Each structure stands twice: as structure tokens, then as C-alpha cells.
K.L.:
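Input: one structure, supplied below.
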Amino acid sequence: METWSTATIQAFRHALLTWYDQEGRDLPWRHDHDPYHVWVSEIMLQQTQVNTVIPYYQRFMAAFPTVTALARASEPDLLKAWQGLGYYSRARNLQRAARQIVDDYHEEWPRTAASLQDLSGIGPYTASAIASIAFGQVVPAVDGNAFRVFARLLKIDADIAQPKTRQLFTEIIQPIVDPQRPGDFNQAIMDLGSSYMTAQKSDPAHSPVRAFDASWRTGTVDQYPVKTKKPRPKLVPYYGLIIHAPAGYLLVQRTRQQMLAGYWSYPLVPQAELQDPEATAPATLTADLATLHQRWAADYQIPATFAPLGGAPVSHTYTHQRWQVKLLVATLTKTPPLTFYPGKWVPAAEIAALPLPKVQEKMMTRWAQRQAAAKQ
DNA sequence: GAGGCGTGGAG
DNA sequence: TCTCCAAGCCT
């Protein structure tokens, strides 16, 4: 890898910040340096693209304008505000941290990266981003952009998928951060990483810091950063149970221990709990249904008789799982009480008011299409 | 330290 | 349809 002299570092800062002053993006959370604004935006931006975040950020600030308002928000309101943004534990951690700030810190924010990390959901990157942008601490904010940009500029060979590599990059970047404008420096690196120095289809030849780009100079841009790949998502087959009664549809709230915690969906039964999940033969489905009828009647006190909706399973892919949901429909003429089951009957018109994950929207869309087709 | 945790866009 | 990627954190 390359190393830079003091003169090179100063020239780099100047080139970077001159470009940033002219071409830096005007984003809603850049209108001031309020730590609440910086913090909420940084949490939303974790693993999420800027264009996706903007409308969520604006709605969130309208709904929860202060850290106190966020601390007092109801969980359904919070989850509804986060619906569709993904990584839903971020929302819960955000409110937990808001309550820490109000209750434990009396709304006096920690001002250093080290102390900010004591708040829920704030790790090394987010702590450094807030500390530098809101409070002017001279620390590098080492995110995916910083990894990629400096790996290319300096031809750093360390595998950025390895957690220990963060320390190396932090030590390399620390003396490069502009001590006069650390927050702008970090944001400029991010803008660079999302424009000229993107992961794919980058344009290093026109970058404002191309003179400092060792990988471009040597024609090895595509070799950086070094990053080992993650395994493919695992197939997880489910039955999705569309059960409707005079009082509405049966929806269940996912538990704290499950993914999509707190969000509502049709009951989902892992096919693994029934028959061979790999088998798709009609006979297997029939056997499954018999089991399902029995179990549903016994466990949940609901006399449901399920019929396959047909068509391809609803498919939804997460980072680590690929769900294939076979939809089954049961129509009940009376509404059974839900004595032992953690769900509720929801009138069709009221479902959209609940916090719903994407896979539930897909299942509802499929069911609506089928009903529309049946009317033809 | 490896794996869990969502969604949408680009090619 | 499939693959990879996008301002990570938690356990």
C-alpha cells in the first residue's frame, strides 16, 4: 500500500473539501448540525441508500420532531414510521437510545465517539459520524464508503469483510482527517464514495482526487476493496394462512424473538414443521393440509379447512433467507374467539393501518389479485 | 468472529 | 430471475 507525506495529506484535504464545497449534496439532514438530526439520519442510512431514506427522514421528523417526542412515541406509531425501511431493530434501538438521552443524560448529548457508543444502536461508525459532524471531534467515520475510497486511494489489501480490518483503516485514516473540518471531511468521503468512487461503474478518471488515487494510476481499481463474499440466502418454505371470518382477517403480531418483530402478518407456518419441505407433489400438500387442519383446530380452537390458493409461492428474499410462501385460504362462517392465540381479527379496511412487513404486502396483493380474477 | 437482520435499485 | 450492492449493529 501507499503512504502519504504531510504535504500530500494537506493537498488531498484541500482537493477533497474544495470539491465538497462546490459539489456536495444538499440533503435534508445537512441543513444544520443538530445531533438529533444527524443521529436519526445516520441510523436510517445504515445499509440503506440516500434516495430511499429522504422521504422516511422527512416523515419521521414531522412525526417525532425532538428526541423527547421520539422517547414518548407509541410502539405502533414508531414501527409504522419505519415500515418498509428494513432492519427494524434500528427503530427499536433508536427509541431506546432516545429514552437513554432523556432519562439518563437529561437531554445532554455525549459529545465524543467513545461515549456515544454507549447508546443503543450506535456502533463505531455512527458514533464517529455524529461526533465529527455534530460536535467537531477529529475522528474518521469508517463506513463502507471510507473502506472503499481509501482501499483504492492507498491500495490497501486488507479484507474489509473481516471485523478486525476496521481498526487498521481507522488508524490509516485518522491522520488524514482535516482537523479544521472533520465532519465535512467525513461527509465528503461519503459523497465521493457514492459518485466517482462507487462499488460498481465507478469513474475514477474524473474524480476530484484522481491525482491521489494509486489504484487508478496503476489500473487496478477493480481489485479494491478486497472483500470476501457472504453465503447465499437459505431457502425457507412456509404456509401463509389466509383465514377470513365475518369479523375480518386473522393477523398475528410477530414476537420479540422473531425477525420482523412487532409487525403483523397472516399466520405463517414453517413447512418444515409439517411434511418434507422439498416435496411439491400434490399428495404431500394434501397430507400437510390434513395435519394443518388438525393442529389448527386443536391448538388454536379454530375449525379451519384450508384450500391451496394455487399459483407460484409468494417469494421474498432477505439477506440470509429466501422465503417461499404457499398461500392457503380458509373461509369461516362464524368468527371464533381467539382465546389462546396471539392474534386478532382485523376488518379488511383496517389492515393497512397496522405496521406490515413487505412479505405481508406481497401476500395481500396475491390474494387481492385472485379475488379480482374470480369475479370475472 | 461469524451470522442474523429488510428492502429497493442497478445491471 | 438472479446477483450484487447500499452511510452497520448486535449477539
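So that the names make sense, note that chain A is the first sequence line, chain B the second, and so on, each numbered from 1. All figures in this text were calculated on a predicted structure; none of them were measured in a lab.
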K.L.:
Heavy atoms under 4.0 Å, any strand shown: does A:I133 hit a base, just sugar-phosphate, or nothing?
P.N.:
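Here A:I133 touches no strand at all.
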K.L.:
Base, sugar-phosphate alone, or nothing: which one does A:V50 contact when heavy atoms must sit under 4.0 Å apart?
P.N.:
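Here A:V50 touches the bases of the nucleic acid.
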K.L.:
Under 4.0 Å between a side-chain N or O of A:K358 and OP1 or OP2 of B:dG8?
P.N.:
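The answer is yes; a side-chain N or O of A:K358 sits under 4.0 Å from OP1 or OP2.
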K.L.:
If only side-chain N and O atoms of A:Y88 are considered, is one of them under 4.0 Å from the OP1 or OP2 phosphate oxygen of B:dT7?
P.N.:
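So the side chain of A:Y88 is within the cut-off, an N or O lying under 4.0 Å from OP1 or OP2 of B:dT7.
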K.L.:
Taking for each residue the nucleotide of DNA chain B bearing the nearest heavy atom, is the 5' side occupied by A:K230 or by A:L260?
P.N.:
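Residue closer to the 5' terminus by nearest nucleotide: A:K230.
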K.L.:
Do the side chains of A:E2 and A:R217 get close enough for a salt bridge, i.e. N-O under 4.0 angstrom?
P.N.:
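The answer is yes: the pair qualifies as a salt bridge.
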K.L.:
Minimum heavy-atom separation for A:M44 to A:W82, with atom names?
P.N.:
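Of all heavy-atom pairs spanning A:M44 and A:W82, the closest is CG-CH2, 3.6 Å.
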K.L.:
Please work out if A:R30 contacts a base, only the sugar-phosphate, or nothing of the nucleic acid, heavy-atom cut-off 4.0 Å.
P.N.:
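The residue A:R30 makes base contact.
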K.L.:
Kindly say if A:H316 contacts the phosphate of B:dG6, meaning a side-chain N or O under 4.0 Å from OP1 or OP2.
P.N.:
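Indeed not, no polar side-chain atom of A:H316 lies that close.
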K.L.:
OP1 or OP2 of B:dG1 less than 4.0 angstrom from a side-chain nitrogen or oxygen of A:K164, does that happen here?
P.N.:
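No, A:K164 has no side-chain N/O under 4.0 Å of OP1/OP2 on B:dG1.
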K.L.:
For A:Q200 and for A:A261, locate the closest nucleotide of DNA chain B by heavy-atom distance; then report the residue assigned to the nucleotide nearer the 5' terminus.
P.N.:
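This one resolves to A:A261.
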K.L.:
Checking all strands, does A:I43 fall into the base, sugar-phosphate, or nothing category for heavy-atom contacts under 4.0 angstrom?
P.N.:
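Here A:I43 touches no strand at all.
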K.L.:
Can you tell me if A:H320 touches the phosphate of B:dC5, counting only side-chain N or O atoms and a distance under 4.0 Å to OP1 or OP2?
P.N.:
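It does, given that an N or O in the side chain of A:H320 lies less than 4.0 Å from OP1 or OP2 of B:dC5.
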K.L.:
Tell me whether the side-chain N/O atoms of A:R148 come closer than 4.0 Å to OP1 or OP2 in C:dA6.
P.N.:
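Indeed, a polar side-chain atom of A:R148 lies that close.
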K.L.:
Taking atom types as they are modelled, is there a donor-acceptor pair under 3.5 Å from the base of B:dG8 to the side chain of A:T48?
P.N.:
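Between B:dG8 and A:T48, which were checked side chain against base, a qualifying N/O pair under 3.5 Å is absent.
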K.L.:
Just checking A:P231: base, sugar-phosphate only, or nothing, at a heavy-atom cut-off of under 4.0 Å?
P.N.:
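Here A:P231 touches no strand at all.
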K.L.:
Just checking A:Y263 against A:Y88, ring centres under 6.0 Å apart?
P.N.:
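A:Y263 vs A:Y88: aromatic centres under 6.0 Å.
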K.L.:
Taking any heavy-atom pair under 4.0 Å as a contact, classify A:G86: base, sugar-phosphate, or nothing.
P.N.:
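The residue A:G86 makes base contact.
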K.L.:
For a quick test of reading the model: is some side-chain N or O of A:Q47 closer than 4.0 Å to OP1 or OP2 of C:dG8?
P.N.:
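Answer is yes, contact under 4.0 Å.
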K.L.:
When you compare the side chains of A:R152 and A:S207, does any donor N or O come within less than 3.5 Å of an acceptor on the partner?
P.N.:
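Not at all, the side chains of A:R152 and A:S207 share no donor-acceptor pair under 3.5 Å.
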K.L.:
Which part of the nucleic acid, if any, lies within reach of A:M259 when heavy atoms closer than 4.0 Å are counted: base, sugar-phosphate only, or nothing?
P.N.:
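Contact class for A:M259: sugar-phosphate only.
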K.L.:
With P as the reference atom in both, quote the distance from C:dC9 to B:dG9 in angstrom, rounded to an integer.
P.N.:
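Nearest-Å result for C:dC9 against B:dG9 at atom P: 24 Å.
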K.L.:
Could you tell me whether the phosphate oxygens of C:dC10, OP1 or OP2, come under 4.0 Å of any side-chain nitrogen or oxygen in A:R90?
P.N.:
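False: A:R90 side-chain N/O out of range (4.0 Å or more) of C:dC10 OP1/OP2.
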K.L.:
Using the ring of each side chain (for Trp, its six-membered ring), is A:W39 parallel, tilted or perpendicular to A:Y36, with breaks at 30° and 60°?
P.N.:
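Taking A:Y36 first and then A:W39, their aromatic rings sit tilted (interplane angle of 30° to 60°).
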K.L.:
Any side-chain N or O of A:K229 less than 4.0 Å from the OP1 or OP2 oxygen of C:dC4?
P.N.:
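Yes, within the criterion.
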K.L.:
Whether the A:S194 and A:R25 side chains hold a donor-acceptor pair (N or O, under 3.5 Å, no angle test) is what I'd like checked.
P.N.:
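The criterion, which ignores hydrogens and geometry beyond distance, is satisfied for A:R25 and A:S194.
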K.L.:
Closer than 4.0 Å, any side-chain N/O of A:Q321 to the OP1 or OP2 of B:dC5?
P.N.:
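It does, given that an N or O in the side chain of A:Q321 lies less than 4.0 Å from OP1 or OP2 of B:dC5.
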K.L.:
By the 4.0 Å heavy-atom rule, please label A:W29 as base, sugar-phosphate, or nothing.
P.N.:
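Here A:W29 touches the bases of the nucleic acid.
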K.L.:
So A:T126, base contact, sugar-phosphate only, or nothing? Heavy-atom distance under 4.0 Å.
P.N.:
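It contacts sugar-phosphate atoms only.
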K.L.:
When all nucleic acid strands are considered with a 4.0 Å heavy-atom cut-off, which category describes A:S41: base, sugar-phosphate, or nothing?
P.N.:
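Touches nothing.
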